[in-house]
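Below is one structure; the comments refer to it alone.
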Amino acid sequence: MNQAFVDASWQEQSGPDGLARGVGGWGLVLLRPGTLPARVQGQLLAPDNNAAEIRAVLEAVRAAPAGEPLTVHTDNQAVIASVGRGRGPALLDDDAREVQAEALARGVTLRVVYAPRTRRHMRSAHDLANDARRGTGAAGLPGVQSDVLIEQRPAQPEARVSLRRPGERVTALVPLDLSSDVPPSAQALLAAVGLALPGEALLIRRASRVAQALWQRPERALRPAAQAQLHHARRAADENGVQVEFLGTG
């Protein structure tokens, strides 16, 4: 079952003409079976917080796989009433219809339910929304070291990647393409690095010697396509200030 945890942030601001305008941000954490959590955020102009909240639901529908059911978790009762029951505030009618039309067009069976902000993924969505509203981009964790454990057996079609950071733990089964130019152990490592938030330091346990060597020197890969994929992952990590350290081998 695909699930999305959504939240929004909104603040009234005065423009140079003295008129009040609302600047909002939305954030979502999308969970799909067999894949790593995806974090998405954005900024928007909105008349109030409810409009920003319902935009988060719309973006969750857009980000979810087409043709599959989606459960959206929110702590906003007005959004639940408008999108889930069709009985919300009149000001949200147009936005709610847009969400339903998008779900219909993409073949997404949508369910909207309540979740308290104290839930782990709700807190992540809340942080993403606040950062988006402020214009500071993805939520970062400068100076924080997180532990990552890679469990991958030879010739197996998937690996288990577990990340533990302060206040959050993420575990996912990562499908491996055994026909890829990138060795399976390196695929698992790239998936683990993909969990990092900007500015985060990862202490990775049980990465294979091959995966470590290819991460440190992508040019060691035998195929150009593998080199390109490894170089891209390294550049993305460097641009986001992600540090990768290894402890032991798998």
Side-chain angles (χ1 to χ4, degrees), residues 2-3 5 28-41 63 65 120-121 123-124 127-128 131 137-250:
N2 301 312
Q3 300 184 71
F5 293 80
L28 69 91
V29 179
L30 179 63
L31 307 179
R32 294 164 293 172
T35 65
L36 302 174
R39 293 175 173 81
V40 191
Q41 64 185 161
R120 171 165 53 94
H121 293 307
R123 291 199 305 268
S124 295
D127 291 340
L128 288 168
D131 282 350
L141 295 173
V144 172
Q145 179 173 282
S146 299
D147 288 328
V148 178
L149 176 64
I150 297 176
E151 299 173 272
Q152 187 251 331
R153 297 179 180 179
Q156 293 299 309
E158 63 184 18
R160 181 183 295 273
V161 176
S162 302
L163 180 146
R164 186 192 296 271
R165 62 169 62 98
E168 182 177 27
R169 181 171 183 173
V170 178
T171 301
L173 292 176
V174 181
L176 302 175
D177 182 359
L178 301 182
S179 65
S180 171
D181 292 336
V182 178
S185 61
Q187 294 179 44
L189 174 60
L190 295 186
V193 175
L195 288 172
L197 296 176
E200 193 168 14
L202 301 181
L203 181 61
I204 297 182
R205 307 172 189 272
R206 296 189 188 175
S208 73
R209 289 187 175 87
V210 170
Q212 294 185 35
L214 292 178
W215 177 261
Q216 292 162 350
R217 293 183 59 184
E219 62 273 12
R220 291 178 176 175
L222 298 178
R223 301 289 182 86
Q227 292 183 18
Q229 188 172 340
L230 289 158
H231 276 299
H232 175 77
R234 281 294 306 266
R235 283 195 302 270
D238 291 342
E239 290 171 359
N240 286 321
V242 174
Q243 304 174 49
V244 176
E245 300 180 26
F246 297 102
L247 182 64
T249 57

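Bear in mind that the values here come from a model prediction, so they are computed numbers and not experimental data. In this chain, residues are counted from 1 in sequence order.
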Quiz prompt | Other residues, nucleotides, ligands: >12 heavy atoms within 6.0 Å of L222 CG | solution =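 Not buried by this count: 12 neighbours or fewer within 6.0 Å.
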Quiz prompt | Shortest non-hydrogen contact from W215 toward A237 | solution =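 Heavy-atom minimum between the residues: CH2-CB, 4.0 Å.
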Quiz item: What are the two closest heavy atoms between Q212 and A207, and how far apart are they?
Solution: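 For Q212 versus A207, the nearest heavy atoms are NE2-O, 3.0 Å.
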Exercise. Assess the side chains of Q152 and S185: does a donor N or O sit below 3.5 Å from an acceptor N or O?
Key: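 S185 and Q152 do not have a side-chain donor-acceptor pair below 3.5 Å.
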Practice problem: Among Q229, Q227, R220, find the one that has a side-chain contact (heavy atoms from CB on, under 4.5 Å) with L214. | Solution: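 Option passing the side-chain contact (heavy atoms from CB on, under 4.5 Å) with L214: R220.
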Exercise. Let me know which of L202, T171, D147 forms a side-chain contact (heavy atoms from CB on, under 4.5 Å) with L163.
Key: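 Of L202, T171, D147, side-chain contact (heavy atoms from CB on, under 4.5 Å) with L163 is met by L202 alone.
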Please tell me if the side chains of [X] and [Y] come closer than 4.5 Å, counting only heavy atoms from C-beta onward.
X    : Y    : answer
R205 : F246 : no
V148 : V161 : yes
L197 : S146 : no
E158 : V174 : no
H231 : R234 : no
V244 : I204 : yes
P37  : L195 : yes
L176 : P157 : no

Practice problem: Could you walk me through whether V170 and R120 pass side chain to side chain contact (heavy atoms under 4.5 Å, CB included), step by step? | Solution: CA-CA 10 Å; V170 178; R120 171 165 53 94; 4.0 Å; yes
Quiz item: Between the side chain of Q187 and the main-chain N/O of D177, is any donor-acceptor distance below 3.5 Å?
Solution: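 Yes.
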Self-check item: Donor-acceptor under 3.5 Å (Q156 side chain, R153 main chain)
Solution: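 Side chain of Q156 to backbone of R153: no pair is present.
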Quiz item: Hey, mind stepping through I150 and R160 against side chain to side chain contact (heavy atoms under 4.5 Å, CB included) and telling me if it holds?
Solution: CA-CA 6 Å; I150 297 176; R160 181 183 295 273; over 6 Å; no
Quiz item: What do the steps show when you test L30 against F5 for side chain to side chain contact (heavy atoms under 4.5 Å, CB included), and what is the final call?
Solution: CA-CA 7 Å; L30 179 63; F5 293 80; over 6 Å; no
